[in-house]
Structures are given as C-alpha cells and as structure tokens.
Amino acid sequence: MMDPTDISPQLEQLDDELDNLEEALEPLLKNIPDVASKLPLLDKAKLYVLVTYSIESMLFSSLRLSGVNAKEHPVFKELARVRQYFQKISNIENPPQKPGQSLNKEAAIRFIRADLADNKEISAKLASMIAKERAKAAENAENAAKAGEKRKAGEPKSSDESGSESKDNAEAVRRKQKKIEKKDRRQRKEQRKEKKKNKNPST
C-alpha cells in the first residue's frame, strides 16, 4: 500500500494565504456600515453585494467540501439571486443602448422631401442637406481609418492611454510591494516555528 501524498507544503501555503487575506480584509470587515457610509450610493451597493456574495460563496464551498450537495441547498438560490444584483449594477453603470434612440437624419430628410416634392425650393435644400450628411459620414469614416493607421505606425499615445499605462505601473509596484510583505511575513513565521522547535527539541 502506497503512503498518502504529503500535502504539508500545500497546507502551509494555504495557511499563509489565509493570514494575508485576514490582514487585507480586517480594515474593511471590522466595521462595514462605517466604511459604506463614506461611499457614494452606487459604490455602497457594490460593497454590500460583494461582501454578501463572498460570504455565501465561502459557505457554498464549505458545503461542497463537507460532501453536501450544495446545489440543493438554499445558499445556491441565494447566490443566484445575488448575481442578479451584479447585473443590475452593471446596467446602471453601462445602460444598454435602446433601439431607435438615435435619429437617422438622412432617412428623416428623405421622408420630408417625399412629402414636399411639389415645393422645388425646399426639395433642393433637402437634397443639399442629404449630400452634406453623406459627406460628413464619409469624412468620419476616413478619419477613423486614418487614426487606426497612425496607431499602427507608432504614433504617440494619447493622454488617456498614458494615464492607463501609469495606473498599470502603479498597480505593478503595489503587487511587488505585497509580494515583499508576504515574503517577510513568511520568513517571520518560519522563524517562529524554528524557535518553537528549539524550545521543544524532539527526544
């Protein structure tokens, strides 16, 4: 019979990750209402939905690890209900475009010209407006194509892109700092374990 696989390293890593998670969440979970009271209404809704979903996800995972059919448990329905709130928040932030909201100027002008076909002066003005709209659409398409070619040719980045790059760099620095802090915590933990071993040597 083969010996079971030693999972001690994985358990140690899990323990470290839980310590890191506890430290990161402590300021937030210590007093959620106080944190939420300082946020705008939409951000407050996001906070409560995320916290609720996180707690219920952990409960769902715990049930599965315990061998329970979690999909038959009421928490599964709760998770589905909370997901609907994610969708509602997304719709508020990015409202779906409703059909018919934009006016097709060229089509409107054609309808008007058909009704006023007998009036030559108005028909001429409408024909001129249609020509201008078509020229404007062609110009916009041409400008968009030129802009795309310039980006491919290595044109300087816009201020928005530069700002995005700066945010990415800042995020990379924060991640690196977190890795260093995590490494320091792990070293301190190993040092504590080593001290315990020295205090209680095996006989």
Side-chain angles (χ1 to χ4, degrees), residues 13-66 68-108 133 136-137 140-141 143-144 147-148 150-151 155-186 188-189:
Q13 183 180 357
L14 177 61
D15 189 31
D16 290 338
E17 295 293 343
L18 289 174
D19 287 342
N20 295 339
L21 181 62
E22 186 178 355
E23 288 180 17
L25 292 179
E26 185 179 3
L28 175 62
L29 299 179
K30 194 172 182 181
N31 193 348
I32 292 178
D34 184 51
V35 174
S37 65
K38 300 173 184 177
L39 297 174
L41 186 59
L42 187 58
D43 290 338
K44 186 186 298 186
K46 286 182 185 178
L47 174 62
Y48 280 122
V49 171
L50 285 170
V51 170
T52 303
Y53 190 80
S54 300
I55 294 171
E56 292 182 353
S57 295
M58 287 188 285
L59 177 56
F60 181 82
S61 301
S62 176
L63 290 170
R64 295 196 65 182
L65 289 171
S66 302
V68 177
N69 186 358
K71 290 187 177 180
E72 298 296 329
H73 194 277
V75 72
F76 186 70
K77 292 182 180 179
E78 273 297 300
L79 281 169
R81 186 178 68 84
V82 175
R83 286 194 197 99
Q84 294 176 356
Y85 287 107
F86 282 121
Q87 186 60 47
K88 289 180 180 179
I89 291 172
S90 177
N91 290 340
I92 293 172
E93 289 185 308
N94 304 297
Q97 185 72 24
K98 294 181 180 179
Q101 279 190 336
S102 58
L103 176 64
N104 188 330
K105 292 183 180 179
E106 188 176 337
E133 287 297 326
K136 186 177 179 181
N140 290 339
N143 290 339
K150 285 182 180 179
R151 288 194 190 96
E155 285 290 317
K157 294 181 180 178
S158 67
S159 58
D160 289 342
E161 290 173 334
S162 300
S164 177
E165 218 172 65
S166 299
K167 289 180 181 178
D168 291 341
N169 292 337
E171 183 63 27
V173 171
R174 284 196 293 271
R175 285 199 297 267
K176 188 174 181 181
Q177 184 64 30
K178 285 183 179 180
K179 286 182 180 178
I180 294 173
E181 293 173 356
K182 180 179 177 181
K183 186 177 180 181
D184 290 341
R185 286 196 296 270
R186 186 169 292 175
R188 289 196 298 270
K189 188 172 183 180

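When reading the values below, keep in mind they use all heavy atoms of this one structure, side chains included, and skip hydrogens, waters and symmetry mates.
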Checklist entry - If you round to the nearest 0.5 Å, how far is CG of Leu47 from CG of Asp43? => result 9.0 Å

Item to check | Minimum heavy-atom distance between Phe60 and Ala70, given as atom pair plus value | outcome: CE1-CB, 3.3 Å

Per-pair distances, 0.1 Å, donor-acceptor, side chain in residues 32-41, under 3.5 Å, sequence neighbours excluded:
unit_1 : atom_1 : unit_2 : atom_2 : d
Ser37  : OG     : Asp34  : O      : 2.7

Checklist entry - OG1/Thr52 to CG/Leu79 distance, rounded to the nearest 0.5 angstrom? => result 10.5 Å

Enumerate, atom names and distances included, each donor-acceptor pair closer than 3.5 Å involving a side-chain atom of residues 83-92, sequence neighbours excluded.
unit_1 : atom_1 : unit_2 : atom_2 : d
Arg83  : NE     : Tyr53  : OH     : 3.4
Tyr85  : OH     : Arg81  : NH1    : 3.4
Gln87  : NE2    : Asn91  : OD1    : 3.1
Asn91  : ND2    : Gln87  : O      : 3.4

Checklist entry - To the nearest 0.5 Å, what is the distance between NZ (Lys77) and CD (Glu72)? => result 8.5 Å

Checklist outcome for this item: All heavy atoms of Val75 vs all of Glu56, minimum pair found to be CG2-O, 3.8 Å

Checklist entry - Is there a side-chain contact between Asp19 and Asp15, using heavy atoms and a 4.5 Å cut-off? => result yes

Checklist entry - Counting distance only, does the side-chain N/O of Ser66 pair as donor-acceptor with the main-chain N or O of Ser62 below 3.5 Å? => result yes

Next on the checklist: Rounded to the nearest 0.5 Å, what separates atom CG in Leu59 from atom CD in Glu78?
Outcome noted: 10.5 Å

Checklist entry - Is Glu93 atom CD crowded by more than 12 heavy atoms from other residues, nucleotides or ligands, each under 6.0 Å away? => result yes

